[in-house]
> 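Structure incoming, see below.
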Amino acid sequence: MKLAQRVQSLKPSPTLALAAKAKELAAQGHKVIALSVGEPDWDTFEVAKAAGIKAIQEGFSKYTPSNGIPELRQAIAKQTEKEIGLKVSPEDVTVSTGGKFVIFSALQTLLNPGDEVIIPAPYWVSYPTMVELAQGTPVCVACDESVGFKLTPELLKKSITPKTRLIILNSPSNPTGVMYSKEELKGLAQVLKEAPNVMIMSDDIYNRLVFEGEVAPHLLHVAPELLDRVMMVNGAAKTFSMTGWRVGWAIGPSVWIKAMTNYQSQSVSCAAGFAQKATLQAILEGEGELKKALTQLKQRRDFVVGLFKDVKGVTLSSPDGAFYIWPNIKSFFGKSYNGKKILSSGDFSNALLEDQKVVCVPGQEFGLDGYLRISYVIKDTAMTEAVERLKAFIAKLT
Ligand code: PLP
């Protein structure tokens with residue numbers, strides 16, 4: 001059967017595909033350790049669960065407005081005001097089915113064919129594909145270890161062309177866990193101020209999962225004058241451990257937000273009403289549980305960074321936020337596993353999976369080879385076992 005041109009080269013999301021592979025191996029009886037999932041192992045916050053159940057029991061299970069229930073938009077506006085220190089109108093908020101779809105609809109409603117989108121690499125796997133699905137052209141800018149995996153003003157300046165329509169920033173980052181400082185954001189803002197046609201998508205989905213301060217530094221902290229060019233994306237998934245509830249939102253320029261709401265109304269209609277109610281309660285009353293989650297997250301970060309100190313040939317910096325580490329495995333390139341040469345992070349992670357049933361996402365999926373993305377929000381015992389298996393695998397390389 002012949003499918004549409006636009007899906008000819010469409011691949012499944014590699015992280016979701018790997019999660020499926022891990023489940024398949026586990027079903028075959030293997031003791032798989034998945035370090036590939038983008039969600040914490042702790043449960044959805046109690047306040048959210050209770051509100052979701054109550055909403056269902058009270059019959060709040062019908063369509064809602066496409067841009068979300070007003071009280072949720074109000075709470076998001078207030079929360080965002082607190083985070084960025086600028087006035088936000090609930091009218092400029094749209095809620096939909098997860099941050100992922102919000103990003104998708106933002107791209108669908110902004111881009112014309114051929115518009116360029118600057119994406120610092122390593123990047124979240126879905127950005128380039130989503131840009132292509134919106135007929136834009138992803139311009140992936142390599143930000144390697146020498147620049148701390150972050151875009152610099154020089155790299156940004158070099159990447160802007162007359163066709164540039166958007167830049168996507170994500171801090172703290174998936175996959176590296178690195179976060180831009182205010183100073184670094186100032187440098188980027190300076191360049192962006194000189195490029196008035198370039199819009200900015202700030203993917204703030206991990207902005208509360210930080211190890212210093214309460215919220216990640218934001219471009220709008222240092223350049224509030226860019227407000228009318230910034231689309232902020234956030235959601236319930238990571239902050240409140242609500243990945244499966246599918247509630248995300250965006251705050252941005254009115255015209256763009258309205259177009260996104262229309263796009264949503266013609267596609268997914270709305271996020272589930274009870275999930276919106278649960279999110280509302282998480283925003284209003286979830287801070288206590290978030291504090292506890294952050295304490296555990298920090299312990300786990302320190303624990304995994306400590307474990308990796310003993311893994312010969314791997315180097316790693318301690319992340320600033322989110323729940324990933326990004327170890328460098330380049331020293332194994334050129335070595336062999338079972339007679340097969342390892343030439344990429346994909347080769348490494350495939351061999352590791354085959355030999356030890358440990359699932360990691362290869363760096364090349366995020367646009368920068370030579371690394372693994374490891375999600376460390378699993379129990380310490382499982383993490384210890386995973387690192388032991390990794391060492392056993394490395395010892396077999398010749
Ligand atoms: N942005 C980044 C950087 C992410 O890592 C994710 C999820 O993995 C999302 C956006 C989307 O999150 P969700 O659709 O679950 O809200």
Side-chain angles (χ1 to χ4, degrees), residues 12-19 34-41 44-45 48 68 72 76 93-108 117 119-131 138 140 143 149-151 166-180 200-210 216 218 231-251 260 264 267-268 270-272 275-276 278-279 282-283 297 319-326 361 363 365-368 373-377:
S13 155
T15 45
L16 295 181
L18 270 167
L35 305 177
S36 50
V37 273
E39 59 189 358
D41 67 343
T44 291
F45 288 7
L72 176 57
I76 290 167
V93 176
T94 190
V95 175
S96 193
T97 50
K100 202 171 201 170
F101 189 74
V102 166
I103 295 170
F104 187 84
S105 84
L107 294 171
Q108 288 287 328
V117 178
I119 305 174
Y123 45 71
W124 181 45
V125 287
S126 294
Y127 296 145
T129 308
M130 287 205 231
V131 167
C140 300
C143 304
F149 308 112
K150 289 186 254 190
L151 189 64
L166 180 73
I167 171 175
I168 305 181
L169 292 174
N170 172 222
S171 173
S173 141
N174 177 4
T176 62
V178 300
M179 183 164 86
Y180 287 85
I200 301 137
M201 183 188 287
S202 184
D203 181 347
D204 304 329
I205 201 105
Y206 297 100
N207 73 333
R208 299 298 309 279
L209 302 185
V210 295
H218 200 279
M231 180 64 71
M232 292 174 264
V233 175
N234 212 322
K238 315 289 179 175
T239 313
F240 311 123
S241 198
M242 290 177 69
T243 47
W245 296 70
R246 311 310 302 133
V247 179
W249 54 84
I251 304 116
M260 286 167 67
Q264 286 153 198
S267 49
V268 292
C270 60
Q276 294 186 52
T279 302
I283 292 174
L297 192 61
D320 307 310
F323 36 67
Y324 310 105
I325 49 168
W326 180 247
V361 193
E365 299 287 2
F366 304 91
L368 194 70
R373 192 203 70 172
I374 288 177
S375 168
Y376 59 81
V377 266

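We count ligands from 1, going down the list as the structure has it; atoms in each ligand are counted the same way.
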> With no hydrogens and no angle check, is any side-chain donor or acceptor of Asn174 less than 3.5 Å from a backbone partner on Trp124?
no
> For Asn207, give me all partners under side chain to side chain donor-acceptor pair (under 3.5 Å), at least two apart in sequence or on another chain.
Glu83, Asn234
> So, Lys150 versus Tyr180: side-chain donor-acceptor pair below 3.5 Å or not?
no
> Counting N and O atoms only, with roles assigned by atom type, does the side chain of Gln276 sit under 3.5 Å from a partner on the main chain of Ala271, one being a donor and the other an acceptor?
yes
> With sequence neighbours excluded, tell me which residues meet side-chain contact (heavy atoms from CB on, under 4.5 Å) with Val125.
Ser13, Pro14, Thr15, Glu365, Phe366
> Can you give me every donor-acceptor pair (side chain of residues 242-250, partner residue at least two apart or in another chain, under 3.5 Å) with its distance?
| residue | atom | partner | partner atom | Å |
| --- | --- | --- | --- | --- |
| Thr243 | OG1 | Glu39 | OE1 | 2.4 |
| Trp245 | NE1 | Thr44 | OG1 | 3.1 |
| Arg246 | NH1 | Thr243 | O | 2.9 |

> Please output the residues near ligand 1 using a strict heavy-atom distance under 4.0 Å, listed in chain and residue-number order.
Gly98, Gly99, Lys100, Ile103, Trp124, Tyr127, Asn170, Asn174, Asp203, Ile205, Tyr206, Ala237, Lys238, Arg246
